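Working notes, structure below.
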Protein chains: 2
Amino acid sequence: MANHNHHSHVDCIRLVPIFNHLNDEQMHLIAQSAHEVQYVKNELLFRFGDKDDTLYIINNGRVRIYSLSESGREQTIRILHPGDFMGEVAILQTESYHSNYAEAISETSICRIHKKNLDQYLDRYPEIMRRILSDITKRLQLSEKQTVQVSTEPVEARIIDFLSENVEDEKNHTYVTLPMSKKDLATYLGTTPETISRKFSSLEERGLIKRHTQKCVEIFDLDALLFVSS
Amino acid sequence: MANHNHHSHVDCIRLVPIFNHLNDEQMHLIAQSAHEVQYVKNELLFRFGDKDDTLYIINNGRVRIYSLSESGREQTIRILHPGDFMGEVAILQTESYHSNYAEAISETSICRIHKKNLDQYLDRYPEIMRRILSDITKRLQLSEKQTVQVSTEPVEARIIDFLSENVEDEKNHTYVTLPMSKKDLATYLGTTPETISRKFSSLEERGLIKRHTQKCVEIFDLDALLFVSS
DNA sequence: CGTACCCTTGATGTTCCTCAATGGAAGTGG
DNA sequence: CCACTTCCATTGAGGAACATCAAGGGTACG
């Protein structure tokens, strides 16, 4: 599996907010126990129920975390970008099983650190734990917000909110680059691809947005858009 | 505000999983910086936007955390019982503002510990941080599960799942004591009181449950109930 | 005992999902 | 580089689940 090019491992450690406060020597130490793994697009990193006690750090690419409901429907929980980590349950429990699925949605490279190694670093550098806690607290707030939105806001408002949180300003134009397919976006927003498509069409007819490519949407007037959703 | 009956403070500390691994002397130390506060039913502990840097521990009673969506609808996020804590955002940030509302849904007494005191204990007893992280990780999993359910399962399945997670076996009968009003339950499950009422009626007609009082529901056949929802 | 709130039930309306067909983009192999 | 294939996006028609509005009945609490 892993190749032992230490240089890339340190890059991986340096990238992550939970480790990047350490000095070079300390990061090298941690990099020693990190194993790099590559995945191609659509490859699964793990599935629900897999036993696993490692921390995953995204080095390159993007990973989609999703779960399957009892009725078999997919729910995208979040998208991980370089520097994000997952598998934090492994930090605390001796026997831990994944409660979700993880899929590479592009060519992806990650670093894995086993719990038994991580435990040593947590004891030695307590700041790491603080930073992990900080990250998870943020994710909890996001997750709670997502729950509130899915159960109290109509689909259009959720789409607009999602767009407004992903805007990139660029030479006088406001663009959004969708980080995933509309199909996956639908499961993230708790709706269907058809409904997403219809809402986008409606927003376009009303002159609020313009679809350029599948992944790129131009927003003509963000304020007007936000006003519509309230 | 607080009365300084140290005995009750220690009870409060002893109750809480994040502190109860400490010895008596250590718990007494922490109890010194805990302030007890009492609330009557329906009283607000804090509101969205309040600045606050304390950790809250529930000593007695129950507290409901909820948020208001932009359209003004309530979403119950969770119910806290004795031994639960909240305000963990305060642990990490110097300036922290509440992102939710907290309301006592019965006569409630809590202990508050200020961040500046807590920080000392976190440094001295790293195990506390581990336990807080453990608790928040569990809550994150619950929150993600709630999102999945709200957006992929029909209301009836959500109700049944909620009931099955709150069963109490008691002299050959299976009961559920609802921890909140149906009105609040509705906002927790992402629906309306009317729909909850109708679904309960339907389950009762089908001979699966029986409503005894507002808060107490008997379940005749849990397995049959779970089968229905799948 | 009275009042207020919550729960329940009915009638109606709307949002959004499902099913189905077509069009288009992206990726694959020649 | 082009043809082929496959998956994704779009649009339409129909239907189901659930919200809303409104009124009556029960329950808890002062």
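What you see is a predicted model; the values in this text were computed from it and never measured. Convention: sequence-line order gives letters A, B, ...; per-chain numbering from 1.
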We want to know whether [X] and [Y] form a side-chain donor-acceptor pair, criterion being a heavy-atom distance below 3.5 angstrom.
X: B/S151; Y: A/Q75; answer: yes
X: B/E168; Y: B/T177; answer: yes
X: B/S143; Y: B/R139; answer: no

Ion pair A/E103/A/R64, N-O distance below 4.0 Å: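 The answer is yes: the pair qualifies as a salt bridge.
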
With nearest nucleotide decided by heavy atoms, which residue, A/T195 or B/R158, maps closer to the 5′ end of DNA chain D?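 Taking each residue's closest nucleotide, the earlier one in sequence belongs to A/T195.
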
Comparing B/T192 and A/S201 on DNA chain D - which has the more 5′ nearest nucleotide: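 In this pair, the answer is A/S201.
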
Could you state the atom-to-atom distance from [atom1] of [X] to [atom2] of [N] in whole Å?
X: A/K41; N: D/dC7; atom1: NZ; atom2: C1'; result: 10 Å
X: B/E194; N: C/dC7; atom1: CD; atom2: C1'; result: 9 Å
X: B/E153; N: C/dC17; atom1: CD; atom2: P; result: 15 Å
X: B/E204; N: C/dT9; atom1: CD; atom2: C1'; result: 14 Å
X: A/E205; N: D/dG12; atom1: CD; atom2: P; result: 9 Å
X: A/L178; N: D/dT10; atom1: CG; atom2: C1'; result: 15 Å
X: A/L189; N: C/dC16; atom1: CG; atom2: P; result: 12 Å
X: B/K215; N: C/dC6; atom1: NZ; atom2: C1'; result: 10 Å

OP1 or OP2 of [N] under 4.0 Å from side-chain N/O of [X]:
X: A/R211; N: C/dG24; value: no
X: A/K182; N: D/dA9; value: no
X: A/K199; N: C/dT15; value: no

Closest approach to the side chain of B/S181, judged atom by atom: which nucleotide of C/dC7, C/dC16, D/dC18 is it?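 So the side chain of B/S181 is nearest to C/dC7.
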
Which one, C/dC7, D/dT20, D/dA9, comes nearest to the side chain of B/R73?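 The answer is D/dT20.
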
For the base of D/dT20, is there a side-chain donor-acceptor partner from B/R198 under 3.5 Å away?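 Result: at least one qualifying N/O pair found.
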
Considering every strand and a 4.0 Å limit on heavy-atom distances, what is the contact class for A/T213: base, sugar-phosphate, or nothing?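 Nothing, no heavy atom under 4.0 Å.
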
Return the orientation label for the A/F46 and A/H98 ring planes: parallel under 30°, perpendicular over 60°, tilted otherwise.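 Plane angle under 30°, so parallel.
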
